[in-house]
Amino acid sequence: PRFLSERQRELCWVALLGAQHEPIGLLHIERGERAGLAAVALGAVADAWPTLAFAFRQWQAALQHTPEAVYQQIVAAASGPLSALEADLVLLVVQGVRRREEPFIYHLRRLLDAGLSEAQVAEAISYLQLQAGNNTLLWAGNVWLAALRDGRLPPSPSLGRGEVPTRFG
């Protein structure tokens, strides 16, 4: 079953195609129209996270804002016609395909806090498999469970504290 809207699915696809520099996928670009271009732009914005993390680690005493606040300002500027929820959905899959744990959890938390269902999040994450392979999909699921176990995410209605047996811990 599908849980995301058609627009949400296309935004995920466009973001993944752009993030992976995949030349095949014009159909998704056409379906995404203007919103699709914002999804591609957000894919580029996702790459700001590690640079901001570095800057704030090195020069924290001289900086007045949190890295998350600066990142959110950049996201808002690049989001164009996308809602905040759509932007977080796009950035979740892009950070997932990049296997960046901290920003992946950041966007996962924001989506769940905004009311996106776990089924919708799981559907979005499932697209990682087609674009980046089984290991990336497994990585994303394991990061989600680990964040539940260690408290970076609040307990889940369906996954509890992440005490779900997996082959990878």
Side-chain angles (χ1 to χ4, degrees), residues 3-4 7-26 28-29 31-32 35-58 65-80 82-114 116 118 120-150 152-153 159 162 166-169:
F3 299 97
L4 294 173
R7 176 181 166 93
Q8 290 169 327
R9 287 193 303 272
E10 292 306 325
L11 289 172
C12 288
W13 278 118
V14 169
L16 286 168
L17 293 170
Q20 293 290 90
H21 298 191
E22 176 58 60
I24 299 171
L26 182 59
H28 296 290
I29 299 295
R31 287 179 183 166
L37 294 177
V40 172
L42 285 172
V45 166
D47 290 334
W49 186 282
T51 303
L52 289 169
F54 164 79
F56 279 85
R57 266 193 320 274
Q58 295 303 311
H65 303 288
T66 66
E68 292 85 1
V70 174
Y71 178 74
Q72 275 309 125
Q73 289 173 355
I74 298 167
V75 168
S79 292
L82 303 184
S83 69
L85 187 138
E86 289 171 331
D88 280 313
L89 186 63
V90 162
L91 287 161
L92 175 76
V93 296
V94 171
Q95 298 294 11
V97 82
R98 300 264 196 269
R99 293 193 193 191
R100 292 184 183 137
E101 185 169 330
E102 186 179 358
F104 180 81
I105 293 168
Y106 173 81
H107 290 291
L108 177 56
R109 183 181 332 104
R110 287 177 53 88
L111 286 166
L112 295 171
D113 287 348
L116 203 68
E118 291 177 345
Q120 289 171 303
V121 170
E123 181 181 337
I125 291 170
S126 76
Y127 298 143
L128 297 176
Q129 181 180 25
L130 291 172
Q131 192 61 31
N134 288 335
N135 287 342
T136 301
L137 174 63
L138 292 171
W139 172 88
N142 287 331
V143 166
W144 188 351
L145 292 173
L148 288 168
R149 282 193 292 273
D150 66 23
R152 288 178 289 167
L153 290 174
L159 300 171
T166 68
R167 294 184 70 175
F168 304 101

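Both backbone and side-chain heavy atoms feed into the values below; hydrogens, waters and symmetry mates do not. Quick note: residue numbers are just sequence positions, from 1.
The minimum heavy-atom distance linking L148 with G162 is given by the pair CB-N, 3.7 Å. Listed here is the closest heavy atom pair of T136 and G96: CG2-O, 3.6 Å. Looking at every heavy atom in both residues, A87 comes nearest to V75 through CB-CG1, 4.1 Å. Closest of all the heavy-atom pairs between A46 and Y71 is CA-OH, 4.2 Å.
Side-chain contact check for L153 versus W144: some heavy-atom pair is nearer than 4.5 Å. A 4.5 Å side-chain heavy-atom check between W13 and E22 finds every atom pair outside the cut-off. Counting heavy atoms from C-beta outward, R149 and L145 have side chains that approach closer than 4.5 Å. Counting only heavy atoms from C-beta outward, the side chains of W49 and E68 approach each other to under 4.5 Å. Counting heavy atoms from C-beta on, the side chains of L17 and Q131 come closer than 4.5 Å. Between Q8 and F3, the closest side-chain pair of non-hydrogen atoms is not below 4.5 Å. Proximity of R99 to N135: side-chain heavy atoms (C-beta onward) are separated by under 4.5 Å at one or more points. Residues L116 and D88 are not in side-chain contact: their nearest non-hydrogen atoms beyond the backbone lie 4.5 Å or more apart.
Formation of a donor-acceptor pair under 3.5 Å by the S79 side chain with backbone atoms of L82 is not found in this model. Judged by distance alone, with hydrogens and angles left aside, the side-chain atoms of R9 form a donor-acceptor pair with the main-chain N or O of L4 at under 3.5 Å.
The distance from atom CD of Q120 to atom CG of L85, rounded to the nearest 0.5 Å, is 8.0 Å. Note: L137 CG to N142 CG = 9.5 Å, rounded to the nearest 0.5 Å. How far CG of L42 is from CG of L37: 11.0 Å, rounded to the nearest 0.5 Å. Rounded to the nearest 0.5 angstrom, L52 CG and T66 OG1 are separated by 10.0 Å. Note that OH of Y106 and CZ of R100 are 15.0 Å apart. Values are rounded to the nearest 0.5 Å. Separation of atoms CG (L91) and CG (L108) is listed at 13.0 Å; rounding is to 0.5 Å.
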**OP:** Give the intermediate values and the outcome of side chain to side chain contact (heavy atoms under 4.5 Å, CB included) for residues V93 and Y127.
**Re:** CA-CA 8 Å; V93 296; Y127 298 143; 5.5 Å; no
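Considering L11, V121, L111 as possible partners of L89, the one that fulfils the side-chain contact (heavy atoms from CB on, under 4.5 Å) test is L111.
The salt bridge (Lys or Arg N to Asp or Glu O under 4.0 Å) check on R98 picks up D47, with sequence neighbours excluded.
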